[in-house]
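For reference, the structure discussed in these notes is given below.
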Amino acid sequence: MRHRIARRMRHVSCVLAVALGAAFLAPTGASAEAAADPYEVLVFSKTAGFRHDSIPVGIETIRDLGAAAEFTVTATEDSGAFTTANLANYEAVVFLSTTGDVLDDAQQTALKSYVDGGGGYVGVHAAADTEYEWPQYEGLVGAWFKSHPAIQQATVENEDRTHPATSHLDPTWTRTDEWYNYRTNPRESVHVLQSLDESTYSGGEMGDDHPITWCDEQAAGRSFYTGLGHTRESYADPAFRQVLLGGIQYAAGAVDADCSSDGGEDPGTEPTTVEGEAYTSGSGVERANHGSASGGQTLGHIENGDWAGYSQVRTAGATKFTADVSSAGAGGTVEIRSGSATGTLLGSVDIEPTGGWETFTEVSTTLTATGTGALFLRFTGGAGALFDIDSFTLSRAAEEPKAEGSSNVHLFYYPWYGNPEINGSWRHWQQGGQNPPEDVGADLYPKLGAYDSGDFTGAVEQHMKWIKQSGANVLVYSWWGRGSYEDGLVDGVMDAAQRHGIKVAWHLEPYSGRSGASTVDDINYINDNYGDHPAYFRDAERNNSNAFYVFQSLDVPDWSALDQVTDNNIVLAQTTDTSKIAHFNGIYTYDGIAGATAPGWKNAGDYARANDLVWAPSVAPGYIDDRAVPGNTTPTLGRDNGAAYDKQWNNALDPAIGGSPTWVSVTSFNEWHEGSSIEPASGNPPAGHGYQTFSGAYGKTGADAETAYLDRTRHWVTQFEAARAAKLR
């Protein structure tokens, strides 16, 4: 009860007097915690962007809630309130539809220290549209806002109905609001209380797992966020008012709740066995006593449409469901789902009558889909009682060994995109005469939308997570010369890379006037300005040198100046013509189509090996630039549901075709104009523009297909590293 002790210390003068008097009046053993003490809440509603007209009624609603629940409210839009001394007066701070950058560095530090030290944070609606330049705020609010469709009715799934914010609600709740999409799914780091059923409204972009309300433990403090509360009408709704009240009470420490992360520990490959009656949420079901059941009870009273949730059971990696069941009723079907009662369907199994409620039999089914969220069982069948479930087991197959990030697989990375929110205008997305944000110069539409490469804690942070997921550990940064737009973003990208252990090499682009001498100056400039950064790539096998890929190297006839820098740097020419690589340390290809036939690869690889040069052939999942360059006659290469990518990787790794690479370079992580990206593409892109998707890649559809090329890259990284290790044995 550390937070209640802290409250008493803040009000020690009056509490001490009351306590001394009570010592003579209270019977021995009376609970000192019989009722929560009155406390103070700070409501902060400053906006530096869009301003919600619901803010005034929201403030009055919180005042009314406080009057009934014994807390007082101070409302302010003065950022100066965020000092260590002032925050110590409050048990919780509510960010009520704040927007933009509203705190300076010192105020940010004060807020984080306050929460970590035992205070509470509550974020309402646009609180997720706040402090994008402060990385620690994402951990406080849970996830940053990305977009929203028009205000409309949707179904909210109440995943946890034990929390004081949601205990008053039915399993589902139909209401009207403005439904936020978030830049990342927070489920792995927070405890989700409510999620959205995207099938019940238009404009959802998060798929089967769309959290909308959650809570989290923050060091010694607590955090609560709800995406509800855009409309003024929300604050007159008793059900929403209770969500708000329960969140404030939890954050203030006035009530207890389990807000441990949904992510939990990695379940590994060991089977998970659970008693059916150990559900943590449900609809219609009850615990039933059965002497012959394991533990003497079952999950019982099951009828058509009922469900049970198990927040303690993760579905990640689950491949088989086995259960002991009995039925003197109609029998029916168990649906095994991930994330919610209507979440991803992993598989189902039919249950026939067993002849009695005490007569148990085993049923099982293979799970053909994949999930990451908590386990939910949904039940269907005829009228009346269907069946009982005793214990059940989720089995997990041994996973393919996952390589740690490989420094031998390099992804070409493009930081040249901009949008009005970050950059002040559109940049690069409008190539081909397109009109972003929905209409961009690409045949695929990014999962993140028309993002900005300067959004370091949003889009770029997510990029690094995805690069990590791919198994590659090096990005090759597209650099267009000193003082260029891309040069100005280097520090931010490298900082994000460092947070995820990613290293940065360089793609020297053909800016106007480039020569051998200017390239030497560029290499020295990059080393001098960025060489001390911990994310700077250094090859331990080659004198801890960085790598510089020189695009269109054949355009410059004389590269002799490179001799000044090639002793301490790895400089690669873009060609397979070994007569054109004098003065270079190695060779790469870049071409996203050539890998399908690997022209000259064997000769280039053999030459590189014989002359102690680096050979880094480039592989790509496909190539199409029809929207970026209308009328372009450049050939295209279809992805063929992943077969094109596999063919290029196979060619690269086959010594008889690929010439035994030193590194493999991937064209590309995010060159959207050329359709060669492995960055996730939206599975539900804006309609009317003819966008392709990754659906069907490696047999995956929907949200699973969006990351299909990241996952397949990891597979090939594993194969490549295994082949390298075999050569060393």
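How far CG of Asn670 is from OG of Ser453: 7.0 Å, rounded to the nearest 0.5 Å. Between atom CZ of residue Arg482 and atom CG of residue Asp487 there is a gap of 9.0 Å, rounded to the nearest 0.5 Å. Going from atom CD of Gln692 over to atom CD1 of Ile624 covers 4.5 Å, rounded to the nearest 0.5 Å. Distance check: Leu367 CG to Leu394 CG gives 6.5 Å after rounding to the nearest 0.5 Å. The distance from the CD atom of Gln469 to the NE2 atom of His463 is 13.0 Å, given to the nearest 0.5 Å. Here the CG-CD1 distance, from Asn569 to Ile526, works out to 9.5 Å after rounding to the nearest 0.5 Å.
Ring-plane geometry between Tyr691 and Tyr445 is classed as tilted, the angle between the planes lying from 30 to 60 degrees on a 0 to 90 degree scale. Between His673 and Tyr417, the ring-plane angle classifies as tilted under the 30° and 60° cut-offs.
Shown here for Thr662 and Phe720, the closest heavy-atom pair between the two residues is O-CZ, 3.7 Å. For the residue pair Ile587 and Ala604, the shortest heavy atom distance occurs at CD1-O, 4.0 Å. Heavy-atom minimum distance, Thr589 versus Gln574: O-NE2, 3.3 Å. Of all heavy-atom pairs between Thr693 and Ser682, the closest is CG2-O, 3.6 Å. Ala582 and Trp559 make their closest contact through O-CB, 4.4 Å (heavy atoms, listed as atom of the first residue, atom of the second, distance).
Side chain of Asn611 to main chain of Tyr607: a donor-acceptor pair is present (N/O by atom type, distance under 3.5 Å, no hydrogens or angles). When atom types are taken as modelled, the side chain of Asn185 and the backbone of Arg187 share a donor-acceptor pair closer than 3.5 angstrom. Judged by distance alone, the side chain of Asn527 and the main-chain N or O of Ile523 form a donor-acceptor pair under 3.5 Å. In this structure, the side chain of Trp615 engages the main chain of Gly658 through a donor-acceptor pair within 3.5 Å. Of the possible polar contacts, one joining the Thr519 side chain to the Ser515 backbone as a donor-acceptor pair under 3.5 Å is found. Panel note: side chain Asp521, backbone Asn524; no donor-acceptor pair is recorded below 3.5 Å. In this structure, the side chain of Asp591 engages the main chain of Ala594 through a donor-acceptor pair within 3.5 Å. Arg499 places no side-chain N or O within donor-acceptor distance of the main-chain N or O of Met494, the cut-off being under 3.5 Å. The backbone N or O of Val440 lies less than 3.5 Å from a partner atom in the side chain of Arg627, making a donor-acceptor pair.
Between Tyr451 and Trp429, the gap from one ring centroid to the other is short of 6.0 Å. Under the 6.0 Å cut-off for aromatic ring centres, His715 and Tyr698 do not qualify, their centroids lying 6.0 Å or more apart. Side-chain rings of Phe412 and Phe669 stay apart, their centers remaining 6.0 Å or farther from each other. Trp416 has its ring centre no less than 6.0 Å from the ring centre of Tyr485. In this structure, Tyr414 has its ring center no closer than 6.0 Å to that of Tyr477. Ring centers of His410 and Tyr588: at least 6.0 Å apart, outside the cut-off. Two rings, from Trp506 and Tyr549, have their centers 6.0 Å or more apart.
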CA sep, side-chain torsions, deciding dist, call: Ser470, Leu411, side-chain contact (heavy atoms from CB on, under 4.5 Å): CA-CA 10 Å; Ser470 78; Leu411 311 182; 3.7 Å; yes
Step-by-step side-chain contact (heavy atoms from CB on, under 4.5 Å) determination, Leu572 to Val614: CA-CA 8 Å; Leu572 283 71; Val614 169; 4.1 Å; yes
Criterion side chain to side chain donor-acceptor pair (under 3.5 Å) on Asp532 and Tyr530, from CA distance to verdict: CA-CA 6 Å; Asp532 291 334; Tyr530 308 120; over 6 Å; no
Stepwise salt bridge (charged side-chain N to carboxylate O under 4.0 Å, His left out) check, Asp606 with Arg609: CA-CA 5 Å; Asp606 290 347; Arg609 188 168 58 257; 2.8 Å; yes
Intermediate values then yes/no, side-chain contact (heavy atoms from CB on, under 4.5 Å), Trp663 and Asp539: CA-CA 11 Å; Trp663 303 330; Asp539 188 338; 3.1 Å; yes
Steps toward side-chain contact (heavy atoms from CB on, under 4.5 Å) verdict (Val504, His533): CA-CA 10 Å; Val504 179; His533 197 288; over 6 Å; no
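For Glu133, there are no salt bridge (charged side-chain N to carboxylate O under 4.0 Å, His left out) partners at least two apart in sequence or on another chain.
Remark: the Glu721 side chain and the Asn408 side chain contain an N/O donor-acceptor pair separated by less than 3.5 Å. In this model, no donor atom of one side chain and acceptor atom of the other lie less than 3.5 Å apart for Asn684 and Glu205. Thr718 and Trp716 form no side-chain donor-acceptor contact under 3.5 Å, judged by distance and modelled atom types alone. Tyr511 and Ser518 form a side-chain donor-acceptor contact under 3.5 Å, judged by distance and modelled atom types alone. Looking only at atom types and distance, the side chain of Ser676 has a donor-acceptor partner in the side chain of Ser668 under 3.5 Å away. A donor and an acceptor atom, one from each side chain of Glu671 and Ser677, are nowhere located under 3.5 Å apart.
Remark: Arg639 is positioned above the aromatic ring of Tyr709, its terminal NZ or CZ atom under 6.0 angstrom from the ring centre and at most 45 degrees off the axis.
Taking 4.5 Å as the limit, every side-chain heavy atom of His583 sits out of range of all side-chain heavy atoms of Thr566. Taking 4.5 Å as the limit, some side-chain heavy atom of Val493 sits within range of a side-chain heavy atom of Met464. Here the side chains of Lys503 and Ser407 are not in contact, with every heavy-atom distance at 4.5 Å or above. Counting only heavy atoms from C-beta outward, the side chains of Leu508 and Val571 never approach each other to under 4.5 Å. Counting only heavy atoms from C-beta outward, the side chains of Trp466 and Glu679 approach each other to under 4.5 Å. A heavy-atom distance below 4.5 Å is not found between the side chains of Phe456 and Asp495. Looking at heavy atoms from C-beta onward, Leu637 lies in side-chain contact with Gln648 at the 4.5 angstrom threshold. The side-chain heavy atoms of Asp640 and Tyr645, taken from C-beta on, include no pair separated by under 4.5 Å.
Here the rule is side chain to side chain donor-acceptor pair (under 3.5 Å) with Thr344, and of Asp208, Thr315, Asp209 only Asp208 fits it.
For Lys468, the NZ atom sits in a packed shell: over 12 heavy atoms of surrounding residues, nucleotides or ligands are nearer than 6.0 Å. Atom CG of Asp612 is surrounded by 12 or fewer heavy atoms from other residues, nucleotides or ligands within 6.0 Å. The number of heavy-atom neighbours closer than 6.0 Å to CG of Asp555, taken from other residues, nucleotides and ligands shown, is above 12.
For residues 441-454, the pairs satisfying salt bridge (Lys or Arg N to Asp or Glu O under 4.0 Å) are Lys447-Glu706, with sequence neighbours left out.
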